[in-house]
Every structure is written in structure tokens, then in C-alpha cells.
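Just the heavy atoms: all of them, side chains too, but no hydrogens, waters or symmetry mates, feed the values below. The model shown is predicted, which means the values in this text are computed figures rather than measured ones.
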Amino acid sequence: TCQIRNKEVPVLSEKELCEVQGLSTINLQRSYLMNIFNSDQDIRNKYEFVLLDNGYGTTEFKNHLNKMKSVDQLNLMKIDMYLNLYGYPIKKKHGNEVVDVPCLVVHHFADEKVSEKYFEIFKKAYFSGDLSESIFLFYLRSFYELKYNKKFQATNFENEIDQIILELN
């Protein structure tokens, strides 16, 4: 087990470790990242239905939130291992569909220390053209809010990313 958000959570299973370590081709890496994206989105797409069908605060709703947190924790561990082994995915090699996945997973995990850990990696990916502006901006806004406990107030939306980066550095 390891500590995430002051809770003990399981680490990747031996099977999951072998899976990420066996991503020997770009196609395997792309497929792995796409599977993470799909699990991230599937649980979020069900959120509104669970809320509408059961109501806020119900057992079903709380169970869904717990399941979403578990999916987010597992996806974060998978992304962490992936980035350690292979680095940030490259748009020209991996394709547009998956290059935003690491940043999206960290954004959804919503933890200041985790966001801080990946700040330089995501900044480099963005400036090299391997991370979309929209996803990077979601991440930056979320990180800023986690760090300063307030929403970022842009003075000029044309260079909002540069403004937030300056504040976070």
C-alpha cells in the first residue's frame, strides 16, 4: 500500500505493473492510455444519471463518488508509472486522442501535491505542442484553486496560461 490523500490505498497489482512495463510499442502505449481515458470518462458519464435517479446525499450517490475516487486513484497510479517509464506521450507518435490523458487524470484527482508534482512535466508538454491548450488550462485553473484556495482572475484571456504559470512558479 501507499499513502495518497492521507489514506492507505493499494498500489498497482503485479498484473497491472506487468501490463504497464510491457508497453513496448507506441500502439500498446496508445491503447493503454485510451483505456485509462475510457475508465475516467465512463465513471464521470454515469455521475449525472446516479444523481438524477437517486438524489444528492443518497447511499447510491455516495457509493458512486467513492467508486469515482477509486477509479481516479488507480488511474493516477497507472499514469504515474507510465510517465516514469515512457515520459509524456508525443502527439506525432501517440496521436491527438491520448496526449491529454495524463493531464486529465491529474486534473480529476484534484490534489495540490499531485498537481505540483506534474507541473513542470505538463508545462513542457504544453509548450512542445504535446498537450492541448484547453486541458492544460483546466489543469492550471484547478491547480491554482487548490494552491491558493481561490479561483484565478485573468486580466487578459489571450494569455491566461502565461499568467497562471507566473503565479504558480
Side-chain angles (χ1 to χ4, degrees), residues 2-7 9 11-12 16-17 19-21 23-45 47 68-169:
C2 66
Q3 292 282 111
I4 296 181
R5 290 189 183 165
N6 296 322
K7 294 181 185 175
V9 295
V11 294
L12 292 178
E16 291 162 333
L17 285 171
E19 180 185 16
V20 71
Q21 290 170 340
L23 302 174
S24 57
T25 67
I26 297 297
N27 283 339
L28 288 173
Q29 292 172 16
R30 185 183 303 119
S31 177
Y32 183 78
L33 292 169
M34 200 69 215
N35 287 339
I36 292 172
F37 175 77
N38 288 336
S39 73
D40 176 88
Q41 293 301 295
D42 287 347
I43 194 77
R44 281 172 171 71
N45 291 339
Y47 174 88
M68 190 162 27
K69 287 178 186 176
S70 294
V71 168
D72 288 347
Q73 287 174 337
L74 179 60
N75 284 343
L76 180 65
M77 287 185 278
K78 288 179 174 183
I79 285 299
D80 186 65
M81 178 66 76
Y82 178 91
L83 293 174
N84 283 324
L85 290 172
Y86 307 106
Y88 202 88
I90 299 167
K91 188 182 283 188
K92 287 183 181 180
K93 291 181 181 180
H94 295 88
N96 288 335
E97 314 83 40
V98 298
V99 292
D100 292 339
V101 173
C103 191
L104 190 66
V105 167
V106 170
H107 165 69
H108 284 157
F109 194 74
D111 180 89
E112 181 186 350
K113 289 180 182 177
V114 171
S115 293
E116 178 80 41
K117 176 180 178 179
Y118 295 101
F119 179 65
E120 292 300 325
I121 294 168
F122 294 161
K123 186 169 70 169
K124 182 179 176 189
Y126 170 72
F127 284 113
S128 66
D130 294 319
L131 174 56
S132 73
E133 181 176 358
S134 60
I135 298 298
F136 188 49
L137 191 52
F138 280 138
Y139 157 78
L140 286 174
R141 286 174 178 160
S142 172
F143 181 22
Y144 183 91
E145 191 169 343
L146 289 165
K147 187 170 184 170
Y148 297 111
N149 205 26
K150 64 180 181 177
K151 293 193 181 296
F152 182 76
Q153 300 296 317
T155 56
N156 180 346
F157 289 106
E158 288 182 21
N159 63 356
E160 184 175 1
I161 286 176
D162 293 335
Q163 292 173 49
I164 299 174
I165 287 172
L166 280 173
E167 292 285 329
L168 291 171
N169 274 331

Taking the side chain as everything from C-beta on, heavy atoms only, tell me whether [X] gets closer than 4.5 Å to [Y].
{"X": "L131", "Y": "Y139", "value": "no"}
{"X": "Y144", "Y": "K150", "value": "yes"}
{"X": "H107", "Y": "I135", "value": "no"}
{"X": "E16", "Y": "L74", "value": "yes"}
{"X": "H108", "Y": "Q41", "value": "yes"}

Distance check, rounded to the nearest 0.5 Å: [X] atom [atom1] versus [Y] atom [atom2]?
{"X": "L85", "Y": "L17", "atom1": "CG", "atom2": "CG", "result": "9.0 Å"}
{"X": "I161", "Y": "R141", "atom1": "CD1", "atom2": "CZ", "result": "8.5 Å"}
{"X": "N45", "Y": "D40", "atom1": "CG", "atom2": "CG", "result": "9.0 Å"}
{"X": "K151", "Y": "E145", "atom1": "NZ", "atom2": "CD", "result": "4.0 Å"}
{"X": "N35", "Y": "R30", "atom1": "CG", "atom2": "CZ", "result": "12.5 Å"}
{"X": "L33", "Y": "K78", "atom1": "CG", "atom2": "NZ", "result": "11.0 Å"}

- Item | Verdict with supporting geometry, T25 and N27, side chain to side chain donor-acceptor pair (under 3.5 Å) | CA-CA 5 Å; T25 67; N27 283 339; 5.4 Å; no
- Query: Near N149 CG, under 6.0 Å, is it more than 12 heavy atoms from other residues, nucleotides or ligands?
  - Reply: no
- Please say which of F136, Y118, F138 ends up in a ring pair (Phe, Tyr, Trp, His ring centres under 6.0 Å) with Y126.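 So the option named by the test is F136.
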- Query: Taking it one step at a time, do K69 and I43 satisfy side chain to side chain contact (heavy atoms under 4.5 Å, CB included)?
  - Reply: CA-CA 10 Å; K69 287 178 186 176; I43 194 77; over 6 Å; no
- For residues 114-125, which residue pairs qualify under salt bridge (Lys or Arg N to Asp or Glu O under 4.0 Å), counting only residues two or more places apart or in two chains?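 Qualifying pairs: D80-K117, E116-K147, E120-K123.
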- Geometric class of the Y32/Y82 ring pair [parallel <30°, tilted 30-60°, perpendicular >60°]: parallel
- Item | Shortest non-hydrogen contact between S115 and L146, atoms and distance | OG-CD1, 3.9 Å
- Report yes or no: does N159 contribute a side-chain atom to a donor-acceptor pair with the main-chain N or O of D162 at less than 3.5 Å?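 Absent.
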- Message: Would the distance check show the side chain of Y86 and the main-chain N or O of Q21 forming a donor-acceptor pair, the cut-off being under 3.5 Å?
- Response: yes
- Step by step, would you call L140 with F119 a side chain to side chain contact (heavy atoms under 4.5 Å, CB included)? CA-CA 9 Å; L140 286 174; F119 179 65; 3.8 Å; yes
All N/O donor-acceptor pairs, side-chain side in residues 95-106, below 3.5 Å, sequence neighbours left out:
unit_1, atom_1, unit_2, atom_2, d
D100, OD1, S132, N, 2.9
D100, OD1, S132, OG, 3.3
D100, OD2, S132, OG, 2.8

